Each structure stands twice: as structure tokens, then as C-alpha cells.
Amino acid sequence: MEEEPIKIQIQIPTVKLGSQGLEVSKLGFGCMGLTGIYNSPMSEEAGISIIKYAFNKGITFFDTSNVYGPHTNEILLGKALKQLPREKVQLATKFGVVGVHKDGMIVKGTPEYVRACCEASLERLGVDYIDLYYQHRVDKSVPIEETMGELKKLVEEGKVKYVGLSEASSDTIRRAHAVHPITAVQMEWSLWTRDIEEEIVPVCRELGIGIVPYSPLGRGFFGGRGVKENLPANSFLIIIPRFTGENLEKNKILYARLENLAVKHICTPAQLALAWVLHQGDGVVPIPGTTKVNNLDDNICSLSVKLTEKDIEEISAAICADEVAGHRAPEHVEEYSWRFANTPYKNSNNLS
Ligand code: ATR
């Protein structure tokens, strides 16, 4: 008879995110992939079921955006929320990306747009408040003070509890924080995307802002996506430079190193990559996404992987960010990130 795999019961701790009183589970759940993008979209029933499963395991912090789908991701999460106790969930969504097209993104941060998006998200999610409302991408044509002014009003009206920014530069974070306290900054942060450590992380620590790393598993790379298994057809990964051609071949060497270290820590490479992010500080709450219950269980178990300072150094050195081949996003997406805050848009941004 085959032995049953050992299932460890993990108690997911609650941590403070930012300094305004928000408390979330130390591990969040990124819902983006539930409506396609990396894999084919799953059924609505399966999507709702994995959200409920995550909640029952102790994950209470769920992340979506109006642009995922678009709209369908919020609708899905809204349906799942109907079956969960609202007050025990920390619901995060975002506004600001009107759309993504082949040459770039359309971003918008005018006060009227912020308000209209918030009201539409509340409707789609079927809730009367959003716990954490992020500006998804900063609109360089609108002073951040104007966008924040409207967000502040939404907080005063009780429609939003806490405000966040995503892919904002340190200067934007400071200016925004002066208008209304920023609770969390959401950024790509993982073993192969570490550039926020130089300036953004210190600014967040100084201002008491929480950090929510997205793509903590390198969009699945650290789970073997593109290495152990081929990229699914139509996946967004096909246009990510790190997952293509020569870059991918070079990056496979990094994966092999992680795999070796995972043996030492008696865990999977994905768990080690996630544990590394989880060890970046108390106010750091990653939001890995998955469409599979087994992977979700593995991600929860990564909370039990304990790393010393020496381990963290060893892992960081093995997956040395300088050796990573290729950009983290296609150029037409990356130009809307914090790195390019002071560079004019190359591609047309106006839709209005
Ligand atoms: P994002 O934040 O952009 O969703 P991520 O969390 O870094 O990115 O990675 C998400 C990807 O990792 C998903 O495609 C997911 O694939 P499945 O839906 O097939 O699970 C994959 N993933 C998540 N957890 C994983 C795990 N424990 N092992 C392997 N792959 C995993």
C-alpha cells in the first residue's frame, strides 16, 4: 500500500500591512490567473471553489483588478465573496489601466475616472466597501496629488478603507503619502526581480508602508513553468522576454540551482522561492496565484520553510539577479512601470 503524503496543518498568521490598521493573512491570493492569462480560463465554478478553499485554509487577503478579464475577475471574486463572511476577508482591487493593446497600455488617473472605476468595482464585486484600493499604474499626465485627492474622498465616504499604489516610483510614493497615507505598495518582487530593493523598499520602510510582492513565483518560472513544462498556448508568458528563446535557455541554469537548494531545504523550488519572499520582512505579504489546489497547498506549506540569514544569502547568490536573462515584461508593458516614471510615454496613451 502506498504511503499517504504527510499533510502539515499550517496556521497562517495575520500580519499588519502598513500603519493604518489593515491586518491581512501573511500569504495572500492573486486572483488574476483564475480568468486566464497564464493558463486557459477555468470554469467559474472551479474559480469560486479555489477561492473558498484558500479562505478555509486561512488565506483572507484576495487581490484582483478591474482590468483582469477585463471585469470578469472581479465578478468571479464577487461571486465567491457571496459565500464567505465579508468582514473576515481583506479585498484588494485596482483601477487605472483602461486597457492593454499591442503597442502599450492606456492608463488613466483623473479624479472622475477614479470615482467611476471605484463605483463600478463595488458593483461588480457586490460589496459596499473595498479594503485596499490601488492605483494599478500611475498616469504620468495627471499629478498624483489629484488622483490621491479623489481616493481620499472615497475613504472619507467609506467606499474604500485603505489606499495603495502599484508600480509607483519612490518620488510618487512620497508625494502620494503626503496627501493621504499609503497602506501598501504592490510591486513585482521575487528571486529574479529584485530592483525594488535599492530604493522602493527603503522608502516603504521609512514611511511605514506595507509591500505586496506580485509574481513572487516569477509568474510560475520557479514552479518549473517553461523549464519542466512547456508554456501553455496563448499564454501571456509567450511574450515575456525571460520565457523566450535564448533567455529562457540561460534562465534554466538558475532554475537548476534553485532545484538543488530546494533538496537541501526539503521543499519544492516553488516553496523555496516563496519562502525567500516571505522572509523579506513582517510587512511583506506576497500574493502568489494558482489555479490548482495542490499548488495552493504547497504555497501554504512554504510558510513552514524556515530560512536563516545565511540561507537567504545563499539562495540570493544562487539566483543572482544580475544573471537573469531578459526583461521582466514586454517593452510595451514595462514602460508603464516605476522605472520609467520620468520618461515620456513612447506609445499613445490617450483614449479620452
Ligand atoms: P502572478 O502573481 O503574476 O500570478 P506568480 O504568483 O509568480 O504570478 O505565479 C503564478 C503561476 O505560478 C501560475 O501560473 C501558477 O500555475 P498553476 O495555476 O498551474 O498553479 C504557478 N504556480 C503557483 N503556485 C505554484 C506551485 N506551488 N508550484 C508550481 N507552480 C505554481
Side-chain angles (χ1 to χ4, degrees), residues 5 8 10 27-43 46-47 49-51 53-54 57 59 61-65 67-69 73 76-77 92 94 97 100 134 136 166-167 186-194 196 211-240 242-243 251 254-255 258-259 262 265 267-278 280 284-305 319 324 328-330 333-334 337:
I8 313 170
I10 304 272
L27 190 67
F29 189 97
C31 295
M32 179 176 75
L34 298 182
T35 45
I37 190 158
Y38 296 136
N39 303 337
S40 316
M42 59 203 302
S43 72
S49 150
I50 198 159
I51 292 168
Y53 183 88
K57 288 275 174 169
I59 293 177
F61 183 39
F62 292 91
D63 185 273
T64 181
S65 169
V67 79
Y68 302 157
N73 204 268
L76 176 79
L77 183 53
K94 320 183 192 80
V97 179
V100 186
Y134 293 100
H136 205 159
S166 180
E167 290 291 348
Q186 184 171 138
M187 293 281 190
E188 183 170 348
W189 194 7
S190 70
L191 274 169
W192 72 357
T193 303
R194 301 192 48 192
I196 68 162
I211 304 172
V212 176
Y214 74 82
S215 301
L217 294 167
R219 301 186 190 266
F221 177 78
F222 297 119
R225 196 50 64 85
V227 184
K228 299 272 160 186
E229 45 174 302
N230 291 332
L231 305 182
N234 301 326
S235 170
F236 171 61
L237 301 175
I238 287 170
I239 59 163
I240 294 188
R242 288 179 182 177
F243 282 91
N251 291 332
L254 305 181
Y255 181 84
L258 184 69
E259 219 175 9
H265 291 280
C267 65
T268 68
Q271 286 176 322
L272 194 59
L274 195 50
W276 181 90
V277 178
L278 287 163
Q280 297 305 315
V284 177
V285 180
I287 48 167
T290 178
T291 55
K292 300 185 179 81
V293 165
N294 279 348
N295 284 347
L296 179 56
D297 280 337
D298 278 1
N299 294 346
I300 293 170
C301 284
S302 69
L303 283 158
S304 66
V305 177
I319 320 300
V324 176
R328 68 185 173 106
V333 172
E334 207 179 15
S337 72

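Atoms within each ligand, like the ligands themselves, are counted from 1 in listed order. Source: prediction; values computed, not measured.
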Show which side-chain atoms of residues 284-292 pair as donor or acceptor with protein atoms under 3.5 Å away, not counting sequence neighbours.
from, atom 1, to, atom 2, distance (Å)
Thr290, OG1, Lys292, N, 2.9
Thr290, OG1, Lys292, O, 3.3
Thr291, OG1, Asn39, ND2, 3.3

Under the criterion side-chain hydrogen bond (donor to acceptor under 3.5 Å, both in side chains), I'd like the reasoning laid out for Thr64 against Asn73: C-alpha separation, chi angles, the key distance, then a yes or no.
CA-CA 7 Å; Thr64 181; Asn73 204 268; 2.8 Å; yes

Which residue and non-hydrogen atom of the protein lie closest to atom 7 (O) of ligand 1, and at what distance in Å?
Leu217 N, 2.7 Å

Can you report which non-hydrogen protein atom sits closest to atom 9 (O) of ligand 1, along with the distance?
Gly220 N, 3.2 Å

Does ligand 1 have a heavy atom under 4.0 Å from the side chain of Ala270, from its backbone, from both, or from neither?
side chain

Could you see which bit of Thr268 sits under 4.0 Å from ligand 1, with heavy atoms only: side chain, backbone, both or neither?
neither

Sub-4.0 Å heavy-atom contact, Glu188 with ligand 1:
no

Pairing donors with acceptors under 3.5 angstrom, does anything connect the side chains of Lys94 and Tyr68?
yes

I need the nearest protein heavy-atom contact for atom 19 (O) of ligand 1: residue, atom name and distance, please.
Lys292 NZ, 2.3 Å

Salt bridge (charged side-chain N to carboxylate O under 4.0 Å, His left out) against Glu334, all qualifying residues, sequence neighbours excluded:
none

Among protein heavy atoms, which lies nearest atom 16 (O) of ligand 1, and at what distance?
Arg225 NH2, 3.6 Å

Kindly determine whether Thr193 and Arg242 satisfy side-chain hydrogen bond (donor to acceptor under 3.5 Å, both in side chains), including the steps that lead there.
CA-CA 11 Å; Thr193 303; Arg242 288 179 182 177; 2.9 Å; yes

Winner among Pro288, Gly33, Gly289, Ser302 once heavy atoms are compared against atom 15 (C) of ligand 1
Gly289

Classify the side-chain pair Asp63/Tyr214 by whether it contains a donor and acceptor separated by less than 3.5 Å.
no

Can a non-hydrogen atom of Gly218 be found less than 4.0 Å from any atom of ligand 1?
yes

What residue among Tyr255, Phe236, Trp192 forms ring pair (Phe, Tyr, Trp, His ring centres under 6.0 Å) with Phe243?
Trp192

Where on Thr291 is there a heavy atom closer than 4.0 Å to ligand 1, on the side chain, on the backbone, on both, or on neither?
both

Ligand 1 contact on Pro216 by region, counting heavy-atom pairs under 4.0 Å:
both

Ligand 1 versus Met32: contacting region, heavy-atom distance under 4.0 Å
side chain

